[in-house]
Amino acid sequence: SAKSRFLKIGGKEIRTPYVSHVSTDDYKIENEMYIEGNINMYSIKLFPCLELKERIGENFNYLNWSNEHWITFFEGIFVTIETDLKVPRIIMANSASPKNNLSDENIFMVAKSQIQNEFKIYTEDKEATMEFLTPEILNVIAEFEEESKIKIDITFDKKIYIRFHTYPIFKVNLLNKSEDKISVHKYYIITKFIEELLENI
């Protein structure tokens, strides 16, 4: 069955909702530059313009010939946060993203209607998830999406992984001052959201 998994490409861990038997030869990363720093003593890596691609077509290595091309299944901002969380894997997949085609097994619904409408939450331990996803955490997530209009996916595991489905930041023409201001503002609201999220964990 389809499950969200962490895929390592070039040492980077990327969450992708695809079926089992995933090979790193079928995926690649472009624009791997990142910004690294600390927020609330947590180590953060922010990839401001990450692009993840999936191989489409068949690859006949034994004939030294290929008929393939690549499609982008995610372009946006990706964040990894080093933590010492001791919770079962919790996947908050945004319902509005067509790429989040996860199976409905282990789906978990929370009481907050806004979160319930925006996300499908997957876990193998519903009781621990209920304890971890406090109203404060859910409010931070809901308010960020409502105010920023940016769709996100979050996975809580030993690390926290966040995908921001939005036009990348700092991928602008520096001579265009209006675009530059939008990019800096987006960076600010994302780092502010990360800080508020970590304060409530």
Side-chain angles (χ1 to χ4, degrees), residues 3-4 6 13-17 35-48 50 74-169 181-201:
K3 289 188 176 180
S4 182
F6 294 107
E13 293 181 80
I14 307 300
R15 183 172 70 75
T16 176
I35 303 163
E36 192 169 19
N38 294 325
I39 297 178
N40 296 355
M41 303 303 291
Y42 291 94
S43 178
I44 314 291
K45 277 188 179 180
L46 186 148
F47 298 77
L50 197 67
F74 172 75
E75 182 180 18
I77 301 159
F78 185 77
V79 171
T80 65
I81 305 171
E82 295 282 351
T83 72
D84 53 358
L85 289 178
K86 294 179 174 62
V87 296
R89 181 179 295 180
I90 302 169
I91 301 166
M92 298 185 68
N94 200 294
S95 303
S97 174
K99 296 297 183 184
N100 287 331
N101 55 341
L102 299 171
S103 66
D104 284 341
E105 65 176 278
N106 299 328
I107 191 168
F108 171 76
M109 305 306 280
V110 293
K112 186 172 177 59
S113 59
Q114 189 170 10
I115 288 289
Q116 184 170 317
N117 292 335
E118 289 290 332
F119 293 94
K120 287 185 176 180
I121 302 175
Y122 301 82
T123 180
E124 293 181 357
D125 188 337
K126 295 183 179 181
E127 188 173 333
T129 299
M130 287 179 69
E131 292 179 5
F132 177 76
L133 290 179
T134 61
E136 289 76 18
I137 290 176
L138 296 177
N139 281 333
V140 168
I141 295 169
E143 287 173 8
F144 171 79
E145 282 213 332
E146 184 178 2
E147 292 173 8
S148 70
K149 309 304 181 189
I150 297 174
K151 300 299 181 186
I152 60 175
D153 304 315
I154 305 179
T155 298
F156 297 97
D157 204 351
K158 293 177 182 177
K159 295 181 182 181
I160 299 174
Y161 302 80
I162 311 175
R163 294 195 302 187
F164 296 85
H165 297 264
T166 183
Y167 190 81
I169 54 178
K181 288 179 181 178
I182 293 170
S183 186
V184 171
H185 176 68
K186 191 177 291 184
Y187 176 74
Y188 166 74
I189 62 175
I190 284 174
T191 52
K192 183 171 178 285
F193 162 70
I194 293 169
E195 184 175 19
E196 290 177 354
L197 181 68
L198 292 175
E199 282 177 352
N200 286 282
I201 289 177

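Starting from 1, each residue takes its place in the sequence as its number.
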Visitor: Excluding sequence neighbours, so at least two apart, what forms side chain to side chain contact (heavy atoms under 4.5 Å, CB included) with Ser43?
Guide: Glu36, Asn38, Glu82
Visitor: So, do Tyr161 and Ile81 sit near enough that their side-chain heavy atoms are less than 4.5 Å apart?
Guide: no
Visitor: If the condition is salt bridge (charged side-chain N to carboxylate O under 4.0 Å, His left out), which residues does Glu199 pass it with, not counting sequence neighbours?
Guide: none
Visitor: Let's go through Leu85 and Asp157 carefully: what are the C-alpha distance in whole Å and the side-chain angles of both, what is the deciding distance for side chain to side chain contact (heavy atoms under 4.5 Å, CB included) to 0.1 Å, and is it a yes or a no?
Guide: CA-CA 7 Å; Leu85 289 178; Asp157 204 351; over 6 Å; no
Visitor: For side chain to side chain contact (heavy atoms under 4.5 Å, CB included), just list the numbers for Ile182 and Tyr167, CA-CA rounded to whole Å, side-chain angles, deciding distance to a tenth of an Å, and then say yes or no.
Guide: CA-CA 11 Å; Ile182 293 170; Tyr167 190 81; over 6 Å; no
Visitor: Side chains of Ile44 and Thr80: closer than 4.5 Å at any heavy-atom pair?
Guide: no
Visitor: For residues Thr123 and Pro88, report the shortest heavy-atom separation together with the two atoms involved.
Guide: OG1-CG, 4.2 Å
Visitor: Restricting to ring pair (Phe, Tyr, Trp, His ring centres under 6.0 Å), what partner residues turn up for Phe193, sequence neighbours left out?
Guide: Phe144
Visitor: Give me the atom names and distance for the closest heavy-atom approach of Asn40 to Glu195.
Guide: ND2-O, 3.5 Å
Visitor: For a 4.5 angstrom cut-off between non-hydrogen side-chain atoms, does Ile201 reach Ile137?
Guide: yes
Visitor: Applying side-chain contact (heavy atoms from CB on, under 4.5 Å) between Ile152 and each of Glu145, Arg163, His165, report the one that passes.
Guide: Glu145
Visitor: Report yes if some heavy atom in the side chain of Ile77 is under 4.5 Å from a heavy atom in the side chain of Ile150; otherwise report no.
Guide: no
Visitor: In this structure, which one of Ile39, Val140, Ile189 forms a side-chain contact (heavy atoms from CB on, under 4.5 Å) with Ile194?
Guide: Ile39
Visitor: Taking all non-hydrogen atoms of both residues into account, name the closest pair between Ile162 and Leu197 and its distance.
Guide: CD1-CD2, 4.2 Å
Visitor: Please identify each residue that fulfils ring pair (Phe, Tyr, Trp, His ring centres under 6.0 Å) with Tyr188, with sequence neighbours left out.
Guide: none
Visitor: Should the pair Arg89 and Phe156 be classed as cation-pi, given the thresholds of under 6.0 Å to the six-membered ring centre and 45° from the axis?
Guide: no
Visitor: Which pair of heavy atoms, one from Thr83 and one from Lys158, lies closest together, and at what distance?
Guide: OG1-O, 2.7 Å
Visitor: Quick one: closest heavy-atom pair of Pro48 and Ile35, and the distance?
Guide: CG-CD1, 4.4 Å
Visitor: Do the side chains of Thr155 and Ile90 get nearer than 4.5 Å, heavy atoms only?
Guide: no
Visitor: What residues, two or more places apart in sequence or in another chain, satisfy side chain to side chain donor-acceptor pair (under 3.5 Å) together with Thr166?
Guide: Lys186
Visitor: Which residues pass the salt bridge (charged side-chain N to carboxylate O under 4.0 Å, His left out) test with Lys192, not counting sequence neighbours?
Guide: Glu196
Visitor: Under the rule for side chain to side chain donor-acceptor pair (under 3.5 Å), what residues qualify as partners of Glu136, not counting sequence neighbours?
Guide: Thr134
Visitor: Within a strict 4.5 Å, meaning less than it, do heavy atoms of the Met92 and Leu138 side chains meet?
Guide: yes
Visitor: Using the rule given for ring-ring contact (aromatic ring centres under 6.0 Å, His included), can you reason through Phe164 versus Phe78, listing the C-alpha separation, both sets of side-chain angles and the distance that settles it, and then say yes or no?
Guide: CA-CA 6 Å; Phe164 296 85; Phe78 185 77; 9.2 Å; no
